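I have placed the structure first, in the form of structure tokens, so that the comments after it can refer back to it.
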Amino acid sequence: MHKKYKRVFSINNDLGFRNYTVRDIIDLKGKRKLTQVRVTTTEEASAAEEAGIDLILTGPGPNLPAIRKAAAKTFMTVGVPFIQNPSKREATKKAFDIIEAGADSLMCQNWNLDWMKHLNKFRIPFQSHVGFIPRRTTWIGGIRSFGKTASEAMELYKDVKDIENTGAWGIEVELVPQNILAIITQETSLITISIGSGNAADAQFLFAEDILGQSEIKFPRHAKKYKNFDKLLNNLQKDRVNAFKEFKLDVKKKIFPTNKHSISIDKKELSNFKNFLHKNNSTI
Amino acid sequence: MLKKYKKIYSLAHQAGYRNYTVRDLLELKGKKKLTQINVVSANEAAAAEIAGIDLLITGADNLKAIREAAPNTFLTCGIKYTEHESKESIAKKCFELVELGVDSIHTNSWNINFIKYISEFNIPLQGHVGFVPMMSTWTGGVKPVGKTSREAIKIFKDIKELEKIGCWAVEVECVPKDVLAEMTQQTKMLTVSIGSGIKGDVQFLFAEDILGYHHSSTVTPRHAKSYCNFNKIYNNMQKERIDAFQKFQLDVETNKFPSIRHSIIAKKEEVNKFKKLLVNLKNGNK
């Protein structure tokens, strides 16, 4: 086996192994295309690690420690929700909790830029988000691409530079024209992470559920489906129903349980027990 | 559609539909063999309801989702004794579960006085005798209980105690078939057999055993029957996940993804304008 992982101290001071440090990722800009996958389950996380996906993104939910364990050696970024943490102090506290759960980096989506600068003072690696940002769609008039005109592209460029100035290492760029992101990728020291923004970025990002064909929403145009998990999961549910039906029928027809599934008792012990029951009944 | 469910009020006074009331179940004793399944996920619960399984049992952790997934099936919920040090505490927990829509509570290895106390609220209770995993240190480990007349008599007394309290059912685990046959006749309660042979009023299995799905540490118990091999299916699905992620990785490394089809293109003139604006911006900054 080639040397795939390096020894690291995590940002909560745990000794372990990782595919990359944040320094490695920054040094790879322009040299190598990276992948990032957003996972929500331990199965997705361990599959991503085994497949050699470069970067994992996930949420701060209760299964974060299990996801970290399932993909212990992959550089993992975790979202820090700002809505539930409405001050610099609270957001920082939440960030620390997530770091203790094993995050290598944080996703500061929609964060106040001041808070991001504050986080950088702790030397904590984080990435952010520009272009089409789902929570901010009301400002751009709905679900659409962003940056198709020169003035929007300039706005985008300024957003990227603002985030670069906070000390972030990476930036998710969503639904931006390919030829605009190509220019921006050259103009920024940030690792650009494309989702629906073409192939000129430093990293390509997709949701595990889209890759697996297990989307709850209508399949996004920019994603590529490699499997049909919707169908697999439907079949699994049919298998469950059939198995339970067979069990019910077996019980109804007295096919289950057989002696093979049952425990026997010595004849003498049984008759002793029956004698006891008989006496017991006559005393009532 | 045949009239499968009847209108009921739940213990929390919610109007709804169920396959059985506790009264129906008691009246079915000796007339119909029933099934009970232990479920841990909403998918298992939904599948069990569609399959027409008579009774469901589950733990408190995922109860809300499970009740929603199988709203019309008689549902019993277990409570661990170690989480409740007083009868007041266990009553509070019972009320919470009742509010979430359970039809009955499983008392497992509770203090018998706690069981009596909860029965005073008329909450239907299912007890547990024979091999009780949490108390198996008293019966000598993972092995059948009731193979001697002495042990069988002890189980009989346990059953009579639960009956006296007013439990509607009792899970009888890993007890000899012939012993359960006697007991089923000797009690008004429904006997729920798991590994205790065919003479129980109810046959009980875990969904994971029926589906052939096990966490790495366990194997299918001798008394269970697997109707599917979910271990194999889950392993294959995991291979599919790995394969999909590997293909994505390769597509990116070889520049095959994303293609133009997956991308958005800005007009040339806008791109040129953008380039000029960038130059101006940089000159302005100098």
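Just so we're clear, the structure is a prediction, and the values are computed from it rather than from any experiment. Naming convention: chains lettered A, B, ... in sequence-line order (proteins, then strands); numbering from 1 in each chain.
- When heavy atoms are compared at a cutoff of 4.5 Å, Lys268(B) does not approach chain A at all.
- Taking chain A as the reference chain and counting heavy-atom pairs below 4.5 Å, the highest number among Gln203(B), Lys267(B), Glu253(B) is found for Gln203(B).
- Interface residue Phe256(A): backbone and side-chain heavy atoms are both found under 4.5 Å from chain B.
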For this session: With side-chain hydrogen bond (donor to acceptor under 3.5 Å, both in side chains) as the test, would you mind laying out the steps for Ser149(B) and Glu269(A) before giving the verdict?
Result: CA-CA 5 Å; Ser149(B) 56; Glu269(A) 294 293 339; 3.0 Å; yes
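- Neither the backbone nor the side chain of Lys256(B) comes within less than 4.5 Å of any heavy atom in chain A.
- Both the backbone and the side chain of Val251(A) come within less than 4.5 Å of a heavy atom in chain B.
- The contact between Met237(B) and chain A is made by backbone and side chain atoms together, counting heavy-atom distances below 4.5 Å.
- The number of heavy-atom neighbours closer than 6.0 Å to NZ of Lys248(A), taken from other residues, nucleotides and ligands shown, is above 12.
- Annotation for Phe257(B) and Lys224(A): closest pair CE1-CB, 3.6 Å, computed over non-hydrogen atoms.
- Both the backbone and the side chain of Phe247(A) come within less than 4.5 Å of a heavy atom in chain B.
- Ranked by heavy-atom pairs under 4.5 Å with chain B, the first of Asn259(A), Asp54(A), Leu236(A) is Leu236(A).
- Ranked by heavy-atom pairs shorter than 4.5 Å toward chain B, the options Asn199(A), Leu249(A), Asn179(A), Leu233(A) are led by Asn179(A).
- Heavy atoms of Leu211(B) lying under 4.5 Å from chain A belong exclusively to its side chain.
- Using a 4.5 Å cut-off between heavy atoms, Gln36(B) touches chain A through its backbone atoms (N, CA, C, O) alone.
- For the options Tyr157(A), Phe273(A), Phe276(A), heavy-atom pairs under 4.5 Å to chain B are most numerous at Phe273(A).
- In terms of heavy atoms, Ser262(A) sits closest to Gly197(B) at OG-CA, 3.3 Å.
- Heavy-atom proximity under 4.5 angstrom to chain B picks out Ile184(A), Glu187(A) from residues 184-193 of chain A.
- When the heavy atoms of residues 39-51 of chain A are compared with those of chain B, the residues falling under 4.5 Å are Glu43(A), Glu44(A), Ser46(A), Ala47(A), Ala48(A), Glu50(A), Ala51(A), listed by number.
- Of the inter-residue distances, the one linking Lys147(B) atom NZ with Leu270(A) atom CG reads 12.0 Å to the nearest 0.5 angstrom.
- With chain B as the partner, the residue from Arg221(A), Lys245(A), Lys260(A) showing the most heavy-atom pairs under 4.5 Å is Arg221(A).
- Within the 4.5 angstrom heavy-atom criterion, no atom of Val202(B) approaches chain A.
- Options Lys274(A), Gln237(A), Lys252(A) differ in how many heavy-atom pairs under 4.5 Å they form with chain B, and the most are formed by Gln237(A).
- Using a 4.5 Å cut-off between heavy atoms, Leu277(B) touches chain A through backbone and side chain atoms alike.
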